[in-house]
Asker: 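Before I ask anything, here is the structure I am working with.
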Amino acid sequence: MKIITAYQEFKDFRNSIESVSFVPTMGNLHNGHMALIDKAKSYDSHVVASIFINPLQFNDASDFNNYPKSIDDDIAILSEHGCDSLFIPDSSILEDIEEIKAPDKALYLCGMNRPGHFDGVLTIVNKLFKIIKPSRSFFGKKDFQQLTLISNFVKENNLPIEIISVDTVREQNGLAMSSRNNRLSESDREKASKLYKTLNVIKENSYNLSYELINKHKDELIQQGFVVDYLSACSPDSLKNLEDFNSRPILVAIAASISGIRLIDNILID
Ligand code: PAF
């Protein structure tokens, strides 16, 4: 696997390859990321991954500083999965960066308590797309709002990039894989599986869906020690809370913290 850290070197290297399948990451890679790489490998093109912990998308300095780093393991796992190139830019990638303002959809769900988060995501992804010039790029459905905003951004700006979504990979107990899971204690990791169980119970009761039902589940999670940022039944398109519970499809999305570690997950009801 070729590793490139200099921005100009990547630009030169890019001229020597044809079609690129791109997987942007912030490192601390796990099987969720590997599902993106494996999917990228299924296309006949050069697979590029990037690792950059993007300060623009963190609201909290300590969250940014504590973001887990495991570069040697990341390189090993990417090589094992046949990733062709890895781009690890330094902070100079942020110089003269074009600031992207995310649309109103960014204000719901994860954007409610994280102002500017999706501006930061779109700003760095746009910059990476400009450098890497991929034909397609891969994003996980766990970050549904991010996936939606990036797909919309690409469409609205007529970028010649296909955005490919990949199913959430889960631990055996159902917990969605995330770089943050490493920071959970054994017992919190077990407790955290309650998030996906809750989403499934809501899905099973989708014909009796109401705000009372959603709030009941929210209260249960709070009683079990979660700090719930949101538990929302919304339109997967507008991301706005549902007015009509009979409409389909429905996205049920959650963000909650356990012992200060914020986790997100979602489920789609067709
Ligand atoms: O999902 C992530 O890891 C990040 O938000 C991304 C897309 C790499 C942008 O920094």
Side-chain angles (χ1 to χ4, degrees), residues 22-40 49-60 63-64 67-68 100 102-126 128-129 134 136-155 161-171 174-184 192 195-196 199 228-240 249-257 261-268:
F22 175 44
V23 179
T25 81
M26 298 206 295
N28 200 241
L29 304 179
H30 49 69
N31 286 342
H33 295 110
M34 288 313 112
L36 303 180
I37 297 288
D38 294 345
K39 184 79 183 170
S50 66
I51 296 180
F52 180 66
I53 306 176
N54 171 28
L56 305 177
Q57 68 190 75
F58 287 83
N59 304 81
D60 181 342
D63 203 15
F64 172 65
Y67 198 83
I100 308 293
D104 284 356
K105 261 181 213 183
L107 302 175
Y108 307 119
L109 305 179
C110 286
M112 267 182 317
N113 292 325
R114 307 179 82 193
H117 168 71
F118 289 111
D119 298 345
V121 170
L122 290 180
T123 297
I124 197 70
V125 167
N126 182 46
L128 288 165
F129 281 171
R136 56 193 77 81
S137 188
F138 300 78
F139 295 87
K141 290 184 190 167
K142 177 173 78 79
D143 296 284
F144 191 94
Q145 190 171 17
Q146 167 172 283
L147 170 65
T148 302
L149 286 163
I150 293 171
S151 298
N152 291 355
F153 177 80
V154 162
K155 267 188 214 126
I161 302 169
E162 187 185 358
I163 299 298
I164 295 172
S165 62
V166 176
D167 285 343
T168 302
V169 180
R170 301 184 177 280
E171 309 217 1
L175 173 64
M177 293 228 175
S178 159
S179 302
R180 292 166 194 251
N181 293 359
N182 291 339
R183 287 158 60 194
L184 294 169
L195 299 183
Y196 186 52
L199 295 177
V228 181
D229 188 4
Y230 62 80
L231 173 57
S232 167
C234 61
S235 146
D237 183 35
S238 71
L239 306 182
K240 279 189 194 164
I250 296 174
L251 179 77
V252 185
I254 188 161
S257 305
I261 296 158
R262 188 174 186 278
L263 303 167
I264 61 170
D265 204 348
N266 64 74
I267 203 165
L268 202 62

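For reference, positions follow the sequence shown, starting with 1.
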Asker: Please examine the side chains of M34 and L29, heavy atoms only from C-beta on, and report whether any two atoms are closer than 4.5 Å.
Answerer: yes
Asker: Nearest 0.5 Å, what's the CD1-CG distance between I150 and N126?
Answerer: 10.5 Å
Asker: Quick one, F139 with V166, criterion side-chain contact (heavy atoms from CB on, under 4.5 Å). Give me CA distance, side-chain angles, the key distance, then yes/no.
Answerer: CA-CA 6 Å; F139 295 87; V166 176; over 6 Å; no
Asker: Do R136 and F22 meet the cation-pi criteria used here (NZ or CZ under 6.0 Å from the six-membered ring centre, within 45° of the axis)?
Answerer: no
Asker: Okay, side chain of N31, backbone of M177: is any donor-acceptor separation there less than 3.5 Å?
Answerer: no
Asker: Where the side chain of H33 meets the backbone of H30, is there a donor-acceptor pair that is under 3.5 Å apart?
Answerer: yes
Asker: With rounding to the nearest 0.5 angstrom, report the CG to CD1 distance, L251 to I267.
Answerer: 9.5 Å
Asker: Is I53 close to F64 at the side-chain level, that is, under 4.5 Å between some pair of heavy atoms?
Answerer: yes
Asker: Run the ring pair (Phe, Tyr, Trp, His ring centres under 6.0 Å) test against F153 and tell me which residues pass, sequence neighbours left out.
Answerer: none
Asker: For K39, what residues pass the salt bridge (Lys or Arg N to Asp or Glu O under 4.0 Å) criterion, not counting sequence neighbours?
Answerer: none
Asker: Between V154 and F129, which heavy-atom pair has the shortest distance, and what is it?
Answerer: CG2-CE1, 3.8 Å
Asker: Does a side-chain heavy-atom distance below 4.5 Å link M26 with Q57?
Answerer: yes
Asker: I need the L128 CG to S50 OG distance, nearest 0.5 Å.
Answerer: 4.5 Å
Asker: With K105, which residues qualify under salt bridge (Lys or Arg N to Asp or Glu O under 4.0 Å), at least two apart?
Answerer: D237
Asker: If I take atom CG from residue D104 and atom CG from residue L239, how far apart are they, to the nearest 0.5 angstrom?
Answerer: 11.0 Å
Asker: Any idea which heavy atoms bring G140 and L36 closest together, and the distance?
Answerer: N-CD2, 3.8 Å
Asker: Please find the pair of heavy atoms, one from K141 and one from T168, that lie closest to each other, and give the distance.
Answerer: C-OG1, 3.7 Å
Asker: If you measure from CZ on F144 to OG1 on T148, what distance do you get to the nearest 0.5 Å?
Answerer: 4.0 Å
Asker: Among residues at least two apart in sequence or on other chains, which ones pass side chain to side chain donor-acceptor pair (under 3.5 Å) with S257?
Answerer: none
Asker: Side chains of P236 and I250: closer than 4.5 Å at any heavy-atom pair?
Answerer: no
Asker: Looking at A176 and I264, what are the two nearest heavy atoms and their distance?
Answerer: CB-O, 4.3 Å
Asker: Can you list the residues that meet the side chain to side chain donor-acceptor pair (under 3.5 Å) rule with N28, with sequence neighbours excluded?
Answerer: S70, N182
Asker: Would you say the ring centers of Y230 and Y108 fall short of 6.0 Å from each other?
Answerer: no
Asker: Which of these, T123, V121, L122, sits in a side-chain contact (heavy atoms from CB on, under 4.5 Å) with V125?
Answerer: V121
Asker: Over all heavy atoms of both residues, which pair between K142 and N266 is shortest? Give the atoms and the distance, please.
Answerer: O-ND2, 3.0 Å
Asker: Check A40 against V23 and note the closest heavy-atom contact, atom names and distance.
Answerer: CB-CG2, 4.0 Å
Asker: Using the test side-chain contact (heavy atoms from CB on, under 4.5 Å), find all partners of D229 that sit at least two apart in sequence or belong to another chain.
Answerer: N113, A255, R262
Asker: Would a 4.5 Å heavy-atom cut-off, applied to side chains only, mark L263 and N181 as touching?
Answerer: yes
Asker: Supply the atom-to-atom distance N54 CG to H117 NE2, rounded to the nearest 0.5 angstrom.
Answerer: 9.0 Å
Asker: Could you check whether any side-chain heavy atom of K240 comes within less than 4.5 Å of a side-chain heavy atom of C234, counting everything from C-beta outward?
Answerer: no
Asker: Indicate yes or no: does R170 engage D265 in a salt bridge with an N to O separation below 4.0 Å.
Answerer: yes
Asker: Tell me, do P103 and F118 make a side-chain contact under 4.5 Å, heavy atoms counted?
Answerer: no
Asker: Do other residues, nucleotides or ligands put more than 12 heavy atoms under 6.0 Å from the CG atom of D60?
Answerer: yes
